[in-house]
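Worth saying up front: this structure is predicted, and the values here are computed from it rather than measured.
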Amino acid sequence: MLESLPPCDLVAAGFPCQDLSQAGRTAGITGSQSSLVEHVFRLLDSADPEPTWLLLENVSFMLSLDRGNAMAWLVDQLERRGFAWAYRVVDSQAFGLPQRRQRVLLLASRSEDPRSVLLNQHEQPNLASSHEDEFGCGFYWTEGLRGLGWAVDAVPTLKGGSALGIPSPPAIWSPGSAQLVTPDIRDAERLQGFPADWTATEKTTSDGRRNRRRWKLVGNAVSVPVARWLGQRLLTSESYHQGDAELRGNRWPRAAWGRCGERREADVSMWPVRWPRPHLLDYLEFETKLLSARATAGFLERAERGNLRIPEDFLCEAHAHLESMTTETQLVAA
């Protein structure tokens, strides 16, 4: 355990999301994992000299989980210590990546204005058509009853694991192909903005264990262009002059700020920039892998038992994929 902070300008912490994620335990900020953020404040309280900036990052579901208690707790901790703060939900799709990854960036300082860093830039989203039959669609085959994570012309948020305790690559449906595939780990790295093979190691372990570690590293990472943008914004000398409405009640919007007891909502999108974004199927460089019959059958059983709104043509092609994979398995066995 880190006992004290060395002299630094910025403390950045992506504390565990398992208790805050929609796909996780939903135990809240006091859960055994997410409560580790308390150590960040412990270190800040004893820091000498104190850092200029504090940056926290986590899943956007924390804004609504348990009536927003996680964000309320974090803000209370900051305000008790005299910090000005601002947060914003940012989507990695804004940065040229075909991955729908919405994360809360919470920036705080006792001496600087975090609003000018996080809230001054604003663009209108440039998303693909909502017609699924025009683009490849990403989804999580480990889900089906809830939290399908459906994304048009993108993969849903890459995760380090699943409730099933296995590596959790998303699946991709290419309309008209009657095939469901999963991306290569190297494309998953690229979908986070890393070079291919960034998580490769020299350790000699079984492929399954090694692959599981690599997916966990990718899923737990912050998208590289998001981190780069934020680092560049920390050097800004701009001022913030927006006339924002007062924040009322216990609802946490997608962006807000506070200082000296004042709390206001910021009217900005999840897209601070709008970089050119390739189509998902054009972005993939490495050979995909067919989703197994077992995985497909499990997903379909959950999807048809649940009440999620899933496109009928997708379900038809998923059944065709299952039939094809089952037939192939039977031929190999024969």
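Of all heavy-atom pairs between Thr288 and Pro183, the closest is CG2-CA, 4.4 Å. The two residues Pro114 and Ala86 have their closest heavy-atom pair at CG-N, 3.8 Å. Ala154 approaches Arg100 most closely through the heavy-atom pair CB-N, 4.1 Å. Residues Pro156 and Gly138 share a closest heavy-atom pair of CD-C, 3.5 Å. Closest approach of Pro170 to Leu158, counting heavy atoms only: CD-CD2, 3.7 Å. Contact record, Arg274 with Asn126: CD-CB, 3.3 Å, taken as the closest heavy-atom pair.
The existence of a salt bridge linking Glu246 and Arg264 is excluded, since no basic side-chain nitrogen approaches an acidic carboxylate oxygen closer than 4.0 Å. Electrostatic pairing of Lys289 and Asp187 does not count as a salt bridge here, judged by no charged N lying under 4.0 Å from a carboxylate O. Salt bridge status for Glu238 with Arg115: absent, with no side-chain N to carboxylate O gap under 4.0 Å. Ionic pairing of Glu50 and Arg110 is present here: one or more N-O contacts between side-chain nitrogen and carboxylate oxygen are shorter than 4.0 angstrom. A salt bridge does not link Arg42 to Glu38: none of the charged side-chain nitrogens sits closer than 4.0 Å to a carboxylate oxygen. Glu189 has a carboxylate O that lies under 4.0 Å from a charged side-chain N of Arg214, or vice versa, which qualifies the two as a salt bridge. Salt bridge annotation for Arg190-Glu285: present, with a cationic side-chain nitrogen under 4.0 angstrom from a carboxylate oxygen.
Atom CD of Gln179 is separated from atom OG1 of Thr296 by 11.0 Å, given to the nearest 0.5 angstrom. The distance from the OG atom of Ser64 to the CE atom of Met71 is 11.0 Å, given to the nearest 0.5 Å. Atoms CG and CD1, from Leu315 and Ile310 in turn, are 5.5 Å apart once rounded to the nearest 0.5 Å. The distance from the CG atom of Asp48 to the CG atom of Leu5 is 11.0 Å, given to the nearest 0.5 Å. Distance CG/Leu191 to OG1/Thr157: 11.5 Å, rounded to 0.5 Å. Rounded to the nearest 0.5 Å, atoms CD (Gln121) and CZ (Arg88) are 8.0 Å apart.
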* side-chain hydrogen bond (donor to acceptor under 3.5 Å, both in side chains) between His319 and Glu304, intermediate numbers included -> CA-CA 11 Å; His319 275 288; Glu304 293 176 339; 2.5 Å; yes
* Could you walk me through whether Asp76 and Arg263 pass salt bridge (charged side-chain N to carboxylate O under 4.0 Å, His left out), step by step? => CA-CA 11 Å; Asp76 287 345; Arg263 296 182 180 182; 3.1 Å; yes
* Under the side-chain hydrogen bond (donor to acceptor under 3.5 Å, both in side chains) criterion, do Gln192 and Ser223 qualify, and how do the steps go? -> CA-CA 5 Å; Gln192 280 283 53; Ser223 299; 2.7 Å; yes
* Can you check side-chain contact (heavy atoms from CB on, under 4.5 Å) on Leu54 and Leu78, steps first, answer last? -> CA-CA 10 Å; Leu54 169 65; Leu78 292 170; 3.7 Å; yes
* To do: Could you please spell out the steps behind the side-chain hydrogen bond (donor to acceptor under 3.5 Å, both in side chains) verdict for Arg228 and Gln232?
  => CA-CA 6 Å; Arg228 183 182 296 119; Gln232 293 168 343; over 6 Å; no
* To do: Kindly determine whether Leu290 and Leu180 satisfy side-chain contact (heavy atoms from CB on, under 4.5 Å), including the steps that lead there.
  => CA-CA 6 Å; Leu290 292 172; Leu180 307 180; over 6 Å; no
* Asked: Can you check side-chain hydrogen bond (donor to acceptor under 3.5 Å, both in side chains) on Asp91 and Gln93, steps first, answer last?
  -> CA-CA 5 Å; Asp91 192 337; Gln93 291 184 96; 3.1 Å; yes
* Residue pair Ser60, Arg101: steps toward the side-chain contact (heavy atoms from CB on, under 4.5 Å) verdict -> CA-CA 9 Å; Ser60 59; Arg101 189 180 189 87; over 6 Å; no
* To do: Could you please spell out the steps behind the side-chain contact (heavy atoms from CB on, under 4.5 Å) verdict for Val75 and Trp252?
  => CA-CA 11 Å; Val75 165; Trp252 294 100; 4.0 Å; yes
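Counted within 6.0 Å of CZ on Arg81, heavy atoms from surrounding residues, nucleotides or ligands total more than 12; the atom is thus considered enclosed. Atom CG of Asp282 is surrounded by more than 12 heavy atoms from other residues, nucleotides or ligands within 6.0 Å. Other residues, nucleotides and ligands contribute over 12 non-hydrogen atoms within 6.0 Å of the CZ atom of Arg305. Within a 6.0 Å radius of CD in Glu287, other residues, nucleotides and ligands contribute 12 heavy atoms or fewer. More than 12 non-hydrogen atoms from other residues, nucleotides or ligands lie less than 6.0 angstrom from CG of Asp197.
Leu44 and Leu55 fall into different hydrophobic clusters, defined by Ile, Leu, Val, Met, Phe, Trp and Tyr side-chain heavy atoms under 4.5 Å apart, directly or through other members. Hydrophobic clustering (ILVMFWY, side-chain heavy atoms < 4.5 Å, transitive): Leu106 and Leu118 are in distinct clusters. Under the 4.5 Å side-chain contact rule for hydrophobic residues, Leu280 and Ile185 share a cluster. Under the 4.5 Å side-chain heavy-atom criterion for Ile, Leu, Val, Met, Phe, Trp and Tyr, Val273 and Leu234 are members of the same hydrophobic cluster. Linking Ile, Leu, Val, Met, Phe, Trp and Tyr whenever their side-chain heavy atoms come within less than 4.5 Å puts Val40 and Tyr87 in one cluster.
Judged purely by atom type and a 3.5 angstrom limit, Trp141 uses its side chain to pair as donor or acceptor with the backbone of Pro169. A distance-only check finds a donor-acceptor pair linking the side chain of Thr326 to the backbone of Leu322 [under 3.5 Å]. The backbone N or O of Val117 sits less than 3.5 Å from a side-chain atom of Arg233, completing a donor-acceptor pair. Formation of a donor-acceptor pair under 3.5 Å by the His279 side chain with backbone atoms of Phe135 is not found in this model. Side-chain atoms of Ser116 come within 3.5 Å of backbone N or O of Asp113 as a donor-acceptor pair. A donor-acceptor pair under 3.5 Å links the side-chain atoms of Asn120 to the main chain of Ser239, judged by distance alone. Side-chain atoms of Ser269 come within 3.5 Å of backbone N or O of Glu123 as a donor-acceptor pair. Not one N or O on the side chain of His321 forms a donor-acceptor pair closer than 3.5 Å with the backbone of Ser177.
Ring geometry for Trp173 versus Trp150: interplanar angle of 30 to 60°, hence tilted. Aromatic ring orientation, Trp257 versus Tyr240: perpendicular (interplanar angle above 60°, classes split at 30° and 60°).
Two rings, from Phe83 and Trp53, have their centers 6.0 Å or more apart. In this structure, the ring of Phe299 has its center no less than 6.0 angstrom from the ring center of Tyr140.
Counting heavy atoms from C-beta outward, Phe314 and Cys137 have side chains that stay 4.5 Å or more apart. The shortest side-chain heavy-atom distance between Pro272 and Val90 falls under the 4.5 Å cut-off. Here the side chains of Leu97 and Val224 are not in contact, with every heavy-atom distance at 4.5 Å or above.
Checked by atom type, the side-chain pair Glu79/Trp85 shows a donor-acceptor distance below 3.5 Å.
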